[in-house]
Asks: 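Quick one: this structure, given as structure tokens, is what I'll be asking you about.
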Amino acid sequence: MQTKFKYKLAEDTIEKSEILKLSKWILKNDKFTLGNKTRDFQKKFSNFLKIKNSIFVNSGSSANLLIAQSLLESKYLKNKVVIAPALSWSTTVSPFIQLGYDVKLCDCSLENLGLDINHLEYLCKKFRPSLIILVHVLGHSNEMNKILKICKEYNVYLVEDTCESLASKYNSKHLGTFGLASSFSFYYGHHISTIEGGMACTNDKNFAKIMASVRSHGWLRDFQESEKNKILKKNKISEFQSKFSFFYSGFNIRSTEINSFLGLSQIKKIKKICKIRNRNFNVYKKELNQYFSVECKTKPLSNFGYATLVTNRDKVYSHFIKKKIECRPVISGNIAKQIFWKKYFKKKIKLPNSDLVHKFGIYLPNHANQTVKETQFISKEFKKIAKIKLV
């Protein structure tokens, strides 16, 4: 029987008033595939992030897949070697494996749970990759200044998985705006929700054009008219045939006008949600000051969940079940220990920090509906049972 939690890891950000507005809008309209609402949502999301281009898709995972395929279509990469974070989510890494990239895992930092700078530089020197992917774990920024310096030194493109970190900033700049491209998730319980949905973002005009096409079958419809006409002429394609002509190997990972309608409503709440998540993190940090805590240069911190390390994680989990408190491992833990990874890669890799998080990591609830009192209660119950893991 599934436990009914009183203190949930996540709660929906979509209010009844938004559902009512959506219902009225649906009754007045008869077309819900990608259209003006989606274009408006993309524009407003770009304006919020202060980035030039946003491409709305059906999930954050699809955003990662879109970026991976669009990189191949762009011909930007000098090779297919990519460095990915060992501490990450399955669909941060798996699209690159599926598309034939040579994936090298980088250990995590125990300071911010992002990429370990020393290991990253070692991997860059040894493998000379074209691409680095990072995850801003649970809202915490990677050491962006150092990572950007490494990217410049080794001529490497950067992709940011920002699915857990919407509205977090590093040096007054939004996470997800530092690299060539970034991904965001609007799944239930994330900072904002469009039921299902995600965004792929970039400042590169050409890369945005490729992503828009790859998102929708790879067709020519998203090209500017002059560019489209040149392609048609070069390939001797008639106007009639052009309706179903495809320039890239693409997908259909579009979202809908319904999801975009919700997105336009949700985007107004981002700053308020970030403020509450930041507050709850600080309450946890104060209440659990004897335990491991993530330290980073993220301000504001749009925290997704409070990560710490304990030696008796299973006992904490059992105690929390009794108290109706939900908790989870720290995302996927060490990807190299996941079943799907072992199917592709037999050789064991030394990733000591990620191993530590995989074995002892736990994160506690933090969401926009969570009160200070609830955060203090969760902390009190945690301290009753959790044994400190020193690092």
Side-chain angles (χ1 to χ4, degrees), residues 25-26 28-46 51-77 80 91 94-101 131 157 159 180-187 194-264:
W25 178 80
I26 288 172
K28 290 179 182 177
N29 290 272
D30 58 3
K31 184 182 177 184
F32 306 110
T33 55
L34 189 151
N36 289 332
K37 286 290 178 188
T38 299
R39 284 183 276 273
D40 193 18
F41 180 39
Q42 289 174 164
K43 184 177 180 181
K44 283 186 167 58
F45 191 78
S46 293
I51 202 165
K52 292 178 181 177
N53 307 282
S54 297
I55 311 296
F56 190 38
V57 291
N58 57 19
S59 71
S61 296
S62 290
N64 287 329
L65 177 63
L66 177 62
I67 292 167
Q69 177 63 16
S70 298
L71 280 164
L72 297 179
E73 298 288 352
S74 71
K75 310 297 183 187
Y76 283 10
L77 305 179
K80 291 183 76 174
T91 50
S94 57
F96 292 89
I97 297 172
Q98 291 157 357
L99 292 170
Y101 285 80
L131 181 68
Y157 285 107
V159 168
L180 170 67
S182 59
S183 59
F184 292 85
S185 173
F186 310 135
Y187 177 63
T194 58
I195 305 172
E196 294 281 0
M199 200 76 81
C201 301
T202 182
N203 276 316
D204 187 301
K205 185 178 178 181
N206 183 58
F207 197 65
K209 176 201 73 177
I210 295 169
M211 287 201 294
S213 178
V214 171
R215 170 184 64 178
S216 301
H217 313 283
W219 60 23
L220 289 165
R221 297 184 196 184
D222 292 298
F223 285 64
Q224 289 186 347
E225 202 64 28
S226 58
E227 188 177 7
K228 183 171 74 172
N229 289 336
K230 284 180 183 177
I231 294 168
L232 295 175
K233 187 177 179 180
K234 182 180 178 181
N235 291 278
K236 298 178 181 179
I237 297 170
S238 69
E239 184 181 348
F240 174 75
Q241 186 62 39
S242 72
K243 305 297 182 185
F244 283 173
S245 289
F246 307 96
F247 193 72
Y248 298 114
S249 174
F251 312 112
N252 180 9
I253 50 175
R254 293 171 297 187
S255 198
T256 72
E257 293 287 90
I258 294 169
N259 303 93
S260 296
F261 185 96
L262 287 170
L264 287 166

Asks: Among all residues two or more places apart in sequence or in another chain, which pass the ring-ring contact (aromatic ring centres under 6.0 Å, His included) test with Phe32?
Replies: Trp25
Asks: With a 3.5 Å cut-off and sequence neighbours excluded, list the donor-acceptor pairs that the side chains of residues 195-203 form with protein atoms.
Replies:
residue	atom	partner	partner atom	Å
Thr202	OG1	Leu180	O	2.6
Thr202	OG1	Asp204	N	3.0
Asn203	OD1	Lys52	N	2.9

Asks: With rounding to the nearest 0.5 Å, note down the distance linking CD1 in Ile67 to OH in Tyr157.
Replies: 14.0 Å
Asks: To the nearest 0.5 Å, how far apart are CG in Asp40 and CZ in Phe261?
Replies: 11.0 Å
Asks: Phe251: what forms a ring-ring contact (aromatic ring centres under 6.0 Å, His included) with it, not counting sequence neighbours?
Replies: none
Asks: Find out whether Leu71 and Phe207 are in side-chain contact, i.e. whether some heavy atom of one side chain is under 4.5 Å from a heavy atom of the other.
Replies: yes
Asks: Is there a side-chain contact between Thr38 and Thr33, using heavy atoms and a 4.5 Å cut-off?
Replies: no
Asks: Calculate, to the nearest 0.5 Å, the distance between atoms OG1 and CG belonging to Thr256 and Asn58 respectively.
Replies: 10.0 Å
Asks: If you look at every heavy atom in Met211 and Leu66, which pair is closest and at what distance?
Replies: O-CD1, 3.4 Å
Asks: Could you name each residue pair satisfying side-chain hydrogen bond (donor to acceptor under 3.5 Å, both in side chains) that touches residues 213-229, not counting sequence neighbours?
Replies: Gln42-Arg215, Lys209-Glu227, His217-Arg254, Trp219-Asp222
Asks: Suppose we screen for side chain to side chain donor-acceptor pair (under 3.5 Å). Which residues come up paired with Ser59, at least two apart in sequence or across chains?
Replies: Ser62
Asks: With rounding to the nearest 0.5 Å, note down the distance linking CZ in Phe223 to CD1 in Ile210.
Replies: 7.5 Å
Asks: Taking atom types as modelled and ignoring hydrogens, do the side chains of Ser183 and Asn64 form a donor-acceptor contact shorter than 3.5 angstrom?
Replies: yes
Asks: Only counting residues at least two apart or in another chain, list the ones meeting side chain to side chain donor-acceptor pair (under 3.5 Å) with Ser46.
Replies: Ser54
Asks: More than 12 non-hydrogen atoms from neighbouring residues, nucleotides or ligands closer than 6.0 Å to CZ on Phe246, yes or no?
Replies: yes
Asks: Does Phe186 have its ring centroid less than 6.0 Å away from the ring centroid of Phe45?
Replies: yes
Asks: For Ser70, what residues pass the side chain to side chain donor-acceptor pair (under 3.5 Å) criterion, not counting sequence neighbours?
Replies: none
Asks: List the residues meeting ring-ring contact (aromatic ring centres under 6.0 Å, His included) with Phe56, not counting sequence neighbours, and say none if there are none.
Replies: Phe41
Asks: Which residues pass the side chain to side chain donor-acceptor pair (under 3.5 Å) test with Ser185, sequence neighbours left out?
Replies: His190
Asks: Which pairs count as side-chain hydrogen bond (donor to acceptor under 3.5 Å, both in side chains) when at least one residue sits in residues 230-239, sequence neighbours excluded?
Replies: none
Asks: Return the set of residues passing side-chain contact (heavy atoms from CB on, under 4.5 Å) with Lys80 (not counting sequence neighbours), or none when no residue passes.
Replies: Leu72, Tyr101
Asks: Compare every heavy atom of Ala68 with every heavy atom of Leu99, then report the nearest pair and how far apart it is.
Replies: CD1-CB, 3.6 Å
Asks: Which atoms form the tightest heavy-atom contact between Ser245 and Ile237, and what is the distance?
Replies: OG-CG2, 3.4 Å
Asks: Please check this pair: side chain of Gln69 against backbone of Gly250, looking for a donor-acceptor N/O pair closer than 3.5 Å.
Replies: no
Asks: To the nearest 0.5 Å, tell me how far Asn206 CG sits from Tyr76 OH.
Replies: 4.0 Å
Asks: Rounded to the nearest 0.5 Å, what separates atom CD in Gln241 from atom CG in Leu220?
Replies: 10.5 Å
Asks: Quick one: does any side-chain atom of Ser260 pair with a main-chain N or O of Gly263 as donor and acceptor, under 3.5 Å?
Replies: no
